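Numbers restart at 1 for each chain; the letters A, B, ... are given by sequence-line order, proteins then strands. Computed from a prediction, not measured in an experiment: that's the story for all the values here.
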Amino acid sequence: MAASEQKQLEFKVPNLEGVEKPIKNVIFRVSRFDPDRDREPYYRDYEVPVYRFTTVLDGLLYIKYNLDPTLAVRYSCRMGVCGSCAMIVNGRERLACKTNVLSLNSNIVTVRPINNLPLIRDLVTDLRPFFEKHKKVMPYIIRDDIEAHQDREFLQSPAELNEYMMLTDCIKCGLCYSACPTTATDALFLGPQALAQAYRYTIDSRDAGAALRFDVVDDPHGVWRCHFAGACSAACPKGVDPAFAIQQLKKLLLYKRNAMKSRKPAPESEKVREGTSVEEVLKSMPKEWPSPPAPK
Amino acid sequence: MSAPASSGSKFPRNMRGVLGGWARVSHANFERWLYLMHRLTGLVVGLYLIAHLAETSDIVPAYLSGDENIWNNLMQSLYTPEAHAGLLIIAAFAVYHGLNGVRLFLAASGVGVGRPIRPEWPYAPVSLRSFQRSLGWLFIAVTLILTAYAFYELFVVTHFV
Amino acid sequence: MVRESTLMWIQYITGLGILVLGALHFASLTFLVQGGYPNALSYANVVYDRYEDPLWAAALEAFLALLSYHVFNGFRVLLLELNQGSGWTKAVNVTMALAAIAAFLYGTRTILVFHLGGAI
């Protein structure tokens, strides 16, 4: 395709002209860092018109589209579900997409990446250590018969559900990890998110993996490096309460260690789930996946 | 844990350290202040214990040689408003650390951190508005009262009379 | 290898013990003494009323034992959180254990010299 024919990429900035007038212009003081050029992050100021419903993420995208296309910002859903746009706005851990600029009551909005995770570029941090710790606590149901009974549910009472339901709202944005005082110095500390998930799966009545998870969290850099500063719960944008979960995890380790290890997981329901059975699916699956066609 | 690819020197580790992490006070919630004070008081009282062991060991030579003045002279040199101000701080820190430690022990035993709820906007984490927070305020009040008593013993009856 | 939760359980229990014995320690310096604090640290009072009384000596010795563990395990927690280099954990654990034992023995010498009749 010739270069002249190539269609120019066009970013559509919401045009609110005639619908709304900007209420005021706000200075966005954005932390910038380019690993190839800079040794240290620095701040650069941008002037952004702010409407009634402009969020910090809208402001950053306005900068990216209109003022400085080199700004790197990670975002996805724009409605506080994916947890990609976690950053520190005016010194406080927030989701950029859920933070209304006018609600900050400030003419200068300082935006910088979250703490305690390696900085890749501008507002983007490397979340891999965070997710590695999440994986480390085995955030899934562990029991011997989980493969054999995939066509029926495990029984669970509403009370048993309530024990952990709050913690399932975690979107893994990393804000608690950024707010926690221990992660600020302890790179091996599992962090509030992973520990809360360890509790969430341990207390789940369908789970029988307490012994495995206790080995992970009962470590010199595990649950006991939490000193209940509560910063994680104060920072959480979804109302999850990691501080609560970690104290409960400590309680299990102190008082119910053996009871949890020998606890019988919830039984499976008598009722077979309708639809194709696992055996049928397995039967229809090819023994080997076809290899991709050779390049011509 | 294997080092992530971004651990090279090119990429800042971005960890806040002691001053920006442990001692971060901007937008700090109440429990975070208690946590910071717990660390500080524990460190100071712990270091004081070492000094206190060295100080009180002076009674051994006094006893062995039968010369009470070895001990009494040391006590005399420490009977000053400056030393008593230090003791007042130690007393206040020790009381705070002990009481807040009880709060932390209760929290680790699942007492005072509430019951799990379904989060509803506006979110208010249950552990940060449960009994342990009232306990924190109560213990601060008790610390202040006992510190006032320590002030009475260390200053009023010694230097002001 | 001792589990971390065992160490912290002992940390909590010693903490509670220190709270009780510490209150006694403060009381023994203030309102339990004739004349209050100005009188508390005289040689006569310290030696004859406290160190030579087996009950007070036992209480002080227990206080010292609990404190040695609690303080140096607390320092260990701080140091483990400060740095995570290779070998750091082991170095901290060993140093703090030795320091706790040293502090305990040194304080014990002060308390028990009166009962051993100057044998130390």
Side-chain angles (χ1 to χ4, degrees), chain B residues 1 17-18 21-22 38-39 42-43 45-50 52-76 78-79 84 87 91 94-95 97-102 104-106 108-109 146 149-150 152-159 161, chain C residues 5 8-9 11-16 18-20 22-23 25-26 29-31 33 35-47 50-52 60 63-64 67-68 70-75 77-78 81-82 84 99 102-114 117-120:
Chain B
M1 192 189 305
V18 173
W22 296 8
H38 198 74
R39 296 235 122 161
L43 187 64
V45 175
L47 292 176
Y48 171 76
L49 171 76
I50 297 168
H52 188 57
L53 289 180
E55 169 205 19
T56 52
S57 72
D58 233 36
I59 206 158
V60 175
Y63 176 76
L64 293 183
S65 68
D67 182 6
E68 298 186 5
N69 283 335
I70 296 178
W71 170 259
N72 285 339
N73 287 345
L74 177 72
M75 288 301 112
Q76 203 63 42
L78 291 174
Y79 202 82
H84 285 162
L87 282 183
V95 170
H97 192 88
L99 293 177
N100 192 49
V102 170
L104 291 177
F105 179 46
L106 289 177
S109 308
L146 288 179
Y149 176 66
Y152 169 80
E153 288 282 357
L154 286 168
F155 282 94
V156 176
V157 299
T158 54
H159 299 296
V161 180
Chain C
S5 54
M8 292 309 283
W9 175 250
Q11 182 83 350
Y12 287 131
I13 298 304
T14 53
L16 292 178
I18 288 165
L19 199 62
V20 175
H25 192 63
F26 284 175
L29 290 167
T30 52
F31 58 83
V33 188
Y37 177 74
N39 223 5
L41 292 172
S42 67
Y43 183 83
N45 188 58
V46 169
V47 171
R50 297 286 179 260
Y51 283 126
E52 292 202 337
L60 266 177
F63 192 39
L64 174 69
L67 270 172
S68 312
H70 193 89
V71 165
F72 288 99
N73 191 45
F75 285 172
V77 167
L78 286 184
E81 285 177 22
L82 265 184
Q84 294 81 42
F104 176 70
L105 292 179
Y106 187 58
T108 304
R109 169 175 164 271
T110 306
I111 298 169
L112 291 190
V113 70
F114 306 96
I120 299 174

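With hydrogens and angles left out, the side-chain atoms of B:Ser57 and C:Tyr106 include a donor and acceptor closer than 3.5 Å.
Looking at B:Val18, the atoms closer than 4.5 Å to chain C (heavy atoms on both sides) all sit in the side chain, from C-beta outward. Residue contact with chain B, scored on non-hydrogen atoms closer than 4.5 Å, involves the side chain of C:Leu16 exclusively. Only the side chain of B:Leu87 comes within less than 4.5 Å of a heavy atom in chain C; its backbone stays farther off. Neither the backbone nor the side chain of B:Ala150 comes within contact range of chain C; no heavy atom of the residue lies under 4.5 Å from a heavy atom of that chain. With a 4.5 Å cut-off on non-hydrogen atoms, B:His84 touches chain C through its side chain but not through its backbone. Residue contact with chain B, scored on non-hydrogen atoms closer than 4.5 Å, is absent for C:Leu29. Of the atoms belonging to C:Phe31, heavy atoms from both backbone and side chain fall under 4.5 Å from chain B. Of the atoms belonging to B:Leu146, not a single heavy atom falls under 4.5 Å from chain C.
Residues C:Ile111 and B:Thr56 fail the side-chain proximity criterion, which asks for heavy atoms closer than 4.5 Å. Side-chain contact between B:Phe105 and C:Gln11: absent, with no pair of heavy atoms (C-beta onward) separated by less than 4.5 Å. Between C:Tyr51 and C:Val113, every side-chain heavy-atom pair lies at or beyond the 4.5 Å cut-off. Looking only at side-chain heavy atoms (C-beta outward), B:Leu154 and B:His159 stay at 4.5 Å or farther from each other.
The backbone N or O of C:Tyr43 sits less than 3.5 Å from a side-chain atom of B:Asn72, completing a donor-acceptor pair. In this structure, B:Trp71 contributes its side chain and B:Tyr63 its backbone to no donor-acceptor pair below 3.5 Å.
Comparing B:Trp22, B:Tyr79, B:Tyr152 by heavy-atom pairs within less than 4.5 Å of chain C, the highest count is held by B:Trp22. When each of C:Leu82, C:Leu64, C:Val47 is scored by its heavy-atom pairs under 4.5 Å with chain B, the top score falls to C:Leu82. Interface remark: of the candidates C:Leu19, C:Leu78, C:Ile18, C:Leu78 forms the most heavy-atom pairs closer than 4.5 Å to chain B. For the set B:Leu49, B:Val45, B:Leu99, the entry with the most heavy-atom pairs within less than 4.5 Å of chain C is B:Leu49.
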| query | Can you list the steps and then say if C:Phe72 with B:Ile50 is a side chain to side chain contact (heavy atoms under 4.5 Å, CB included)? | reply | CA-CA 10 Å; C:Phe72 288 99; B:Ile50 297 168; 4.1 Å; yes
